[in-house]
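Notes for the one structure printed next.
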There are 2 protein chains.
Amino acid sequence: MENRKSILNCALQLFYQKGYDAVGVQEIVEKAGVTKPTLYYYFGSKRGLLEKLLQEHFGKMEEKLVRASAYDAGIPEILYRLARAFFDGATADPEFYLMILSLFYSGRQSEGFQIVYPMVKRYYRIYVEVFARASEELGNMHGRQEQFAIGFSGILDHHLMHAATNRDDLSKLHISDEETRSIVKQFMYGIYS
Amino acid sequence: MENRKSILNCALQLFYQKGYDAVGVQEIVEKAGVTKPTLYYYFGSKRGLLEKLLQEHFGKMEEKLVRASAYDAGIPEILYRLARAFFDGATADPEFYLMILSLFYSGRQSEGFQIVYPMVKRYYRIYVEVFARASEELGNMHGRQEQFAIGFSGILDHHLMHAATNRDDLSKLHISDEETRSIVKQFMYGIYS
DNA sequence: CAGCCTGTATACCGATTGGTATAATTGCTA
DNA sequence: TAGCAATTATACCAATCGGTATACAGGCTG
């Protein structure tokens with residue numbers, strides 16, 4: 001059972017660094033110190049490995065976002081909590097979330113996109129619901145909840161990407177509370193505030 | 001010289017659909033109706049093919065953005081022009097820009113990221129300069145021009161991605177003027193406006 | 001007609017791809 | 001201690017990877 005974990009960890013690191021398609025099964029098992037049949041015993045295929053890898057990391061982030069999206073405060077507070085939860089979750093497990101992003105932006109017909117798309121959609125729905133519920137506070141949304149959700153997640157993803165670029169030590173990746181507040185403030189009140 | 005063009009076009013389509021690493025040289029030349037030595041005669045390597053491909057498409061988008069960023073109007077107008085130029089450029093050449101995005105979000109150590117990063121940086125700089133120049137209008141930026149640029153480009157990228165998802169015919173990809181104005185308005189004045 | 005440069009095809013290279021048949025090892029249970 | 005199930009290694013598979021040596025066309029110039 002320890003080999004299984006080692007394979008998952010090594011695969012995550014390699015997929016993040018080089019991309020899913022560019023990493024061979026051989027490379028993974030060598031880094032993990034096992035042999036191929038061990039990998040195929042646990043995961044069945046390279047695709048199965050990716051699926052299990054995503055499943056095991058997906059839940060934590062979703063749970064954080066769901067908890068942050070609770071409708072027990074005003075929009076400013078909820079959006080701040082969401083951004084904070086997102087940055088916390090992403091910086092606690094940076095390789096995973098950056099891999100998610102790379103898979104989400106990869107070719108539509110690629111294995112990676114097909115596997116990751118339903119997951120990203122679930123994150124996205126959380127945002128949409130937050131804005132939909134906020135119609136009391138924001139007035140009739142006229143369908144703009146989707147536009148807001150796209151914009152909000154786009155900003156968060158982009159800031160995360162930017163923070164990760166040119167940083168070789170991902171473990172020190174962090175987005176400060178001050179920056180988070182500034183980002184959310186800009187989203188809510190615009191650039192003139 | 002016609003084979004050269006055919007190779008470039010087929011490579012772009014395949015790279016967009018499946019991702020750079022998942023597409024073999026053999027697949028490209030078969031689709032283009034040529035043989036491998038022809039590809040290597042023109043481009044030297046698979047990497048060389050990607051570089052030439054990016055170079056031939058990069059200029060048009062950059063030119064549009066630079067023209068739109070001219071400092072001859074207020075921020076609202078400039079940002080609208082930028083968004084319009086971005087969506088026009090991206091929907092006129094959707095495979096190219098979506099491929100750029102996929103390469104930009106791919107693993108840091110991947111060939112694709114290394115090649116595309118300097119180009120994306122040049123787009124990004126255009127946004128940064130726009131916000132930096134706008135300090136008269138927006139007051140002291142305190143370095144927030146980078147935050148604005150990240151947010152703005154993140155929103156545009158995300159909206160483009162979203163518009164392209166679940167659309168099999170990319171040629172009909174379009175983002176309306178109304179939507180563009182709404183997106184820019186939200187960015188400038190927030191969600192309460 | 002000889003020579004040359006551009007462009008293209010046949011056929012090949014070693015290395016690596018994802019994946020597996022088989023057997024051995026392990027610890028647990030009957 | 002015999003046997004069973006879980007786990008792992010050796011050694012292999014056909015197919016594909018990126019890339020190339022060689023030859024041969026075609027047009028152009030001497």
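Every chain is numbered from 1 and lettered A, B, ... according to where its sequence line falls, protein lines coming before strand lines. No hydrogens, no waters, no symmetry mates; every other heavy atom, side chains included, goes into these values.
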| query | Quick one: ring pair (Phe, Tyr, Trp, His ring centres under 6.0 Å) pairs with a partner in residues 161-182 of chain B, sequence neighbours left out? | reply | A/Y124-B/H162
| message | Suppose the criterion is ring pair (Phe, Tyr, Trp, His ring centres under 6.0 Å): which pairs have a residue in residues 30-53 of chain A, not counting sequence neighbours? | response | none
| task | Apply salt bridge (Lys or Arg N to Asp or Glu O under 4.0 Å) to B/R125 and list each qualifying residue two or more places apart in sequence or on a separate chain. | result | none
| message | According to salt bridge (Lys or Arg N to Asp or Glu O under 4.0 Å), who are the partners of B/E137, at least two apart in sequence or on a separate chain? | response | none
| query | For DNA chain C, which residues in residues 108-115 of chain A have a heavy atom at a distance below 4.0 Å? | reply |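 Here the set is empty: none.
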Could you pull out all donor-acceptor pairs under 3.5 Å where a side-chain atom in residues 90-101 of chain B meets a protein atom, sequence neighbours excluded?
{"unit_1": "B/T91", "atom_1": "OG1", "unit_2": "B/F87", "atom_2": "O", "d": "2.6"}
{"unit_1": "B/T91", "atom_1": "OG1", "unit_2": "B/D88", "atom_2": "O", "d": "3.3"}

| query | Among pairs that include at least one residue of residues 69-79 of chain B, which meet salt bridge (Lys or Arg N to Asp or Glu O under 4.0 Å), considering only residues two or more places apart or in two chains? | reply | B/D72-B/R81
| note | Contacts satisfying salt bridge (Lys or Arg N to Asp or Glu O under 4.0 Å) that involve residues 46-55 of chain A (not counting sequence neighbours) are A/R47-A/E51
| note | For nucleotides 13-27 of chain C, 5' to 3', base contacts (B), sugar-phosphate-only contacts (S) and non-contacts (-) with protein non-hydrogen atoms under 4.0 Å give ----SBBBB------
| Any idea how A/F104 and A/Y117 line up, ring-wise: parallel (<30°), tilted (30 to 60°), or perpendicular (>60°)? | parallel
Throw together a table of side-chain donor-acceptor distances under 3.5 angstrom for residues 106-116 of chain A, partners on residues two or more places apart or in other chains.
{"unit_1": "A/S106", "atom_1": "OG", "unit_2": "A/L103", "atom_2": "O", "d": "2.7"}
{"unit_1": "A/S106", "atom_1": "OG", "unit_2": "A/S110", "atom_2": "OG", "d": "3.2"}
{"unit_1": "A/R108", "atom_1": "NH1", "unit_2": "A/S106", "atom_2": "O", "d": "3.4"}
{"unit_1": "A/S110", "atom_1": "OG", "unit_2": "A/G107", "atom_2": "O", "d": "2.6"}
{"unit_1": "A/S110", "atom_1": "OG", "unit_2": "A/F113", "atom_2": "N", "d": "3.3"}
{"unit_1": "A/E111", "atom_1": "OE1", "unit_2": "A/Y20", "atom_2": "OH", "d": "2.6"}
{"unit_1": "A/Q114", "atom_1": "NE2", "unit_2": "A/Q109", "atom_2": "O", "d": "3.4"}

| request: Report yes if at least one side-chain N or O of B/N3 is closer than 4.0 Å to OP1 or OP2 of C/dG7; otherwise report no. | output: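 No, no such contact exists.
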| field | Contact boundaries on DNA chain D for chain A, cut-off under 4.0 Å to non-hydrogen atoms | value | D/dA6 to D/dT10
List the atom pairs, donor and acceptor, that lie under 3.5 Å between side-chain atoms in residues 184-193 of chain B and the rest of the protein, sequence neighbours left out.
{"unit_1": "B/Q186", "atom_1": "NE2", "unit_2": "A/F187", "atom_2": "O", "d": "3.0"}
{"unit_1": "B/S193", "atom_1": "OG", "unit_2": "B/G190", "atom_2": "O", "d": "3.4"}

